[in-house]
Structure formats: C-alpha cells, structure tokens
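By convention in this document, chain letters (A, B, ...) are assigned in the order of the sequence lines, proteins followed by strands, and residues within each chain are numbered from 1.
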Number of protein chains: 2
Amino acid sequence: MFLPKKIFQFVKILQTTTVEMTPVVDSTKDIHEPVVLDEIDRRLLEVLKSDGRISNAALAEAAGIAPSTAHVRLRSLQDRGVVTGFLTSIDQRSLGLGLQAIVGVTLRPGARQESIVRFSEEVRNLPQVLQVFFLGGTDDFIVHIAVADSSAIREFVVEHLSAQPSVASTRTSVVFDYHRNGVAASFQ
Amino acid sequence: MFLPKKIFQFVKILQTTTVEMTPVVDSTKDIHEPVVLDEIDRRLLEVLKSDGRISNAALAEAAGIAPSTAHVRLRSLQDRGVVTGFLTSIDQRSLGLGLQAIVGVTLRPGARQESIVRFSEEVRNLPQVLQVFFLGGTDDFIVHIAVADSSAIREFVVEHLSAQPSVASTRTSVVFDYHRNGVAASFQ
DNA sequence: GGTGAAAACCACTTACT
DNA sequence: AGTAAGTGGTTTTCACC
C-alpha cells in the first residue's frame with residue numbers, strides 16, 4: 001500500500017457515504033411526500049379550479065394577498081405537484097362530437113399482463129377518448145368517449161375494444177347528461 | 001343553473017326504459033345553431049385544450065396568426081360557446097383525497113320525478129363529487145368521487161346514495177388508475 | 001376577417017422587511 | 001414568508017386594410 005492507513009480509511013468513508021446517499025435521492029422520486037396546504041393555498045386553488053386563466057393580479061385580490069405573493073404561491077403549487085396543469089373546457093358538439101358514451105370493459109382472466117398494458121395505452125390515446133378509469137370491481141376499466149353519432153359508438157367499440165383478444169365483454173351506456181365539479185389530475 | 005327541464009326529460013326516458021335519444025335534444029326551445037370552426041379555430045382549441053393558461057402571444061404564434069387576431073378568435077370561441085371555461089387540474093392527494101371511486105347508481109322504477117331531480121342536484125353538488133354521468137343503460141347514473149380513504153367511500157355511498165328512497169342499488173369500484181385526454185363541457 | 005400601433009395593463013424580478 | 005416598486009413584456013383596443 002502506498003497510501004497511509006488513515007487516508008485509506010478516509011477514502012473508504014467517502015465511498016460509503018456516496019453509496020448511501022444515492023438511493024436516498026432516487027427514492028424521493030417515487031415516494032410522495034405529503035403536501036401541506038395552508039388556508040391561502042386552498043383559497044388560491046378554489047379560485048383556480050374553475051378559472052384557470054384568471055390573471056395573477058385578480059387571483060391575488062381574490063385570495064387577499066399581494067400579487068407578487070400570489071405569483072410565488074402559484075409557482076410553488078405547481079412545483080409541489082398540486083397544480084398539474086391548466087385545461088380548457090370545450091363543448092364537444094362544436095367539434096361535431098354530439099354524442100358521449102361510457103363503455104365498461106371486462107378483460108379475460110387469462111389475458112397476459114403485457115397485452116393488457118399495451119392495449120390500455122392504445123385505448124387512452126384514441127382521439128374519441130376523453131377519460132379512462134382503471135377499476136377494481138365488475139368492470140376492469142371504463143372509457144368515456146365523445147363521438148359524432150350512434151354508429152360511431154358502435155364503430156369505436158367493435159374496432160378498438162371488442163376486437164382485442166384481452167377483452168371479454170363491453171357494456172355501453174349513452175351519456176344523457178353530464179356534470180363536472182372539478183378536474184382531477186391524471187394519475188402519474 | 002340546474003336546468004330541471006333536461007333532467008325531467010332524462011327521467012322520462014328512464015321510466016319508459018326506452019333508449020331513445022331524440023327527445024333529449026330540445027327541438028322546441030333553444031335550437032343549437034351549428035358552430036362552424038375553421039382550421040385556425042381548431043388549431044387554437046388543440047393548443048388550449050392542454051394549456052389553458054398559455055399567453056395570447058404564444059397562442060397566436062402556435063396558430064400562425066397575429067396576437068390581436070388570436071385574441072379576437074378566442075373571445076369568439078367563448079361567445080359561441082365552444083370554449084366554456086378554463087380549469088385547473090389539481091392533484092387530489094394534495095387535498096387529502098387520496099382515493100377515488102366510481103359509484104354506479106340504479107334508481108327504483110317507481111321513484112317520483114321530483115324526488116329524482118332534487119336528489120340528483122344534491123348529489124352533483126356534494127364536495128366529494130368530481131363528475132356525474134346520467135346514463136341510459138344498466139346504471140341510471142354514475143358518480144366519480146374523490147375521498148380520503150375507504151371508509152369515506154362507504155360513508156358517501158351510505159349517507160348520500162343508499163339512504164335515498166329513489167335509489168334501488170349502488171355499485172362501487174375503486175379507481176386504480178386514471179387518465180384524461182381532454183375536458184368536455186358540462187351539458188348546458 | 002385580419003393586422004399594426006398605441007395605451008393600458010400585467011408578470012416577474014429584485015431589494016427589503 | 002411577505003411586500004413594494006420597477007421594468008420589460010403583454011393584453012387589448014382601435015383605426016385601417
């Protein structure tokens with residue numbers, strides 16, 4: 001050994017330290033640390049929930065704080081993952097999609113996990129699809145779609161759902177009325 | 001605005017258990033005049049759909065038009081009812097609502113219309129409720145809720161759904177995963 | 001309907017408490 | 001963590017094409 005014993009030990013400590021720190025940093029990505037929201041945060045969210053395009057000045061006034069504070073607060077909410085995006089509510093009829101439906105899908109028990117994953121990813125990226133809920137219960141997932149007419153519903157179900165080997169059955173219900181109170185973030 | 005008229009029509013359809021969609025479209029009162037969207041409108045909507053807080057300047061550039069034009073266009077889309085609002089997507093866990101569920105509700109055939117109307121209006125304004133779909137099919141409507149834990153699901157179902165005399169049965173499914181492509185406007 | 005220019009307005013940073 | 005002030009940029013109007 002060319003290094004004195006003391007230095008060798010020191011290096012060892014450094015190596016140990018490095019090895020210990022790395023997993024801690026990595027795991028923080030997955031572990032959801034609890035977000036603490038105070039009264040002002042909640043007031044900001046309450047306003048933003050239904051008016052995502054409000055100006056910072058108006059938002060500040062609604063929450064009773066200075067505009068600069070509101071600005072910092074909102075960015076903090078985004079950084080902490082509380083606010084995950086700003087969306088525009090669009091009347092589907094205007095897009096020529098005057099009919100909405102809920103399709104419940106039951107998968108075959110024997111379906112391979114990989115094919116289910118690939119299938120669900122395909123489904124949720126189809127243009128007709130507004131939302132997909134993956135469930136534990138009777139249905140394995142339900143799909144909320146907007147289409148032009150009833151034949152387009154049938155077309156969607158036959159082409160993209162029933163045709164899949166993983167799918168055991170589907171159950172379609174026409175949406176007669178729809179009401180939304182808030183927008184939940186997609187699961188990460 | 002809760003538009004009792006529409007609900008009444010919906011209830012009527014349910015009671016006759018005939019899946020007819022024609023009566024739902026109100027042909028007597030406000031006929032929905034067709035909205036014509038050109039290519040620029042569609043480009044604006046495509047951008048706004050997933051970024052409701054984009055600056056007017058950036059929106060204009062994305063659509064290849066002048067900021068002043070984009071401004072007029074967007075206001076026109078709002079005036080014509082194509083864009084019905086700007087919303088903020090909020091992570092429900094941050095609000096202490098770490099569990100989501102879908103509850104399918106079947107109504108008793110003999111339930112009186114008035115009680116059903118009052119009931120549905122109550123349900124859709126509950127704080128736990130994210131969305132309500134009124135359906136023609138097995139379930140009469142389904143409710144998407146976000147709550148703190150599984151006991152809160154049970155509490156919600158028992159207190160606000162099962163307790164109602166109009167309700168014949170409920171079917172609850174826990175949401176394991178959720179994906180949203182766009183936000184549809186609540187039916188008017 | 002689309003645009004450029006001007007005025008009003010706002011976002012965002014900095015310095016300070 | 002909150003605020004006030006400043007500046008650089010943006011929204012919004014309007015006359016004109």
Return the polar atom pairs (N/O with N/O) between nucleotides 13-17 of chain C and the protein under 3.5 Å, or none.
{"from": "dT13(C)", "atom 1": "OP2", "to": "R75(A)", "atom 2": "NH1", "distance (Å)": "3.1"}

Just the rounded figure in Å: distance from C1' of dT3(C) to CD1 of I40(B). 13 Å
Any side-chain donor-acceptor pair under 3.5 Å between R180(A) and S89(A)? yes
How many Å lie between CD on E61(A) and P on dG2(D), as a whole number? 18 Å
Residue pair G52(A) / T88(B): nearest heavy atoms and the distance that separates them: CA-OG1, 3.4 Å
pair L48(A)-L74(A): side-chain heavy atoms closer than 4.5 Å: yes
Rounding to a whole Å, what distance do you find between L44(B):CG and dG2(C):C1'? 13 Å
End-to-end bend of the helix from dG1(C)-dC17(D) to dT17(C)-dA1(D) (five-pair axes, 10° rounding)? 30°
Just the rounded figure in Å: distance from C1' of dG1(C) to CZ of R80(B). 12 Å
Whether over 12 other heavy atoms sit under 6.0 Å from R154(A) CZ: no
Side chains of S76(A) and R80(A) only: does a donor on one sit below 3.5 Å from an acceptor on the other? yes
Are any protein N/O atoms closer than 3.5 Å to N/O atoms in nucleotides 6-10 of chain D? If there are, list each pair with its distance.
none

Listed partners of D149(A) passing side chain to side chain donor-acceptor pair (under 3.5 Å), at least two apart: S151(A)
I need the full list of ring-ring contact (aromatic ring centres under 6.0 Å, His included) pairs touching residues 93-124 of chain B, with sequence neighbours left out, sorted by first then second residue. F119(B)-F141(B)
Please identify each residue that fulfils ring-ring contact (aromatic ring centres under 6.0 Å, His included) with F86(A), with sequence neighbours left out. none
Inspect the contact between E46(B) and K49(B) and indicate whether a charged nitrogen and a carboxylate oxygen are less than 4.0 angstrom apart. yes
Which heavy atom in L135(B) sits nearest to a heavy atom in F176(A), and how many Å separate them? C-CD1, 3.7 Å
Between P on dA11(C) and CD1 on I54(B), what's the gap in Å once rounded to a whole number? 16 Å
Under 30°, 30 to 60°, or over 60°: which ring-plane class applies to H144(A) and Y178(A), parallel, tilted or perpendicular? tilted
I65(A) side chain: which of dT3(D), dG2(C), dA1(D) is closest? dT3(D)
Looking at R73(B), does any N or O in its side chain come under 4.0 Å of the phosphate oxygens OP1/OP2 on dG2(C)? yes
Rounding to an integer number of Å, can you tell me how far L77(B) CG sits from dG1(C) P? 13 Å
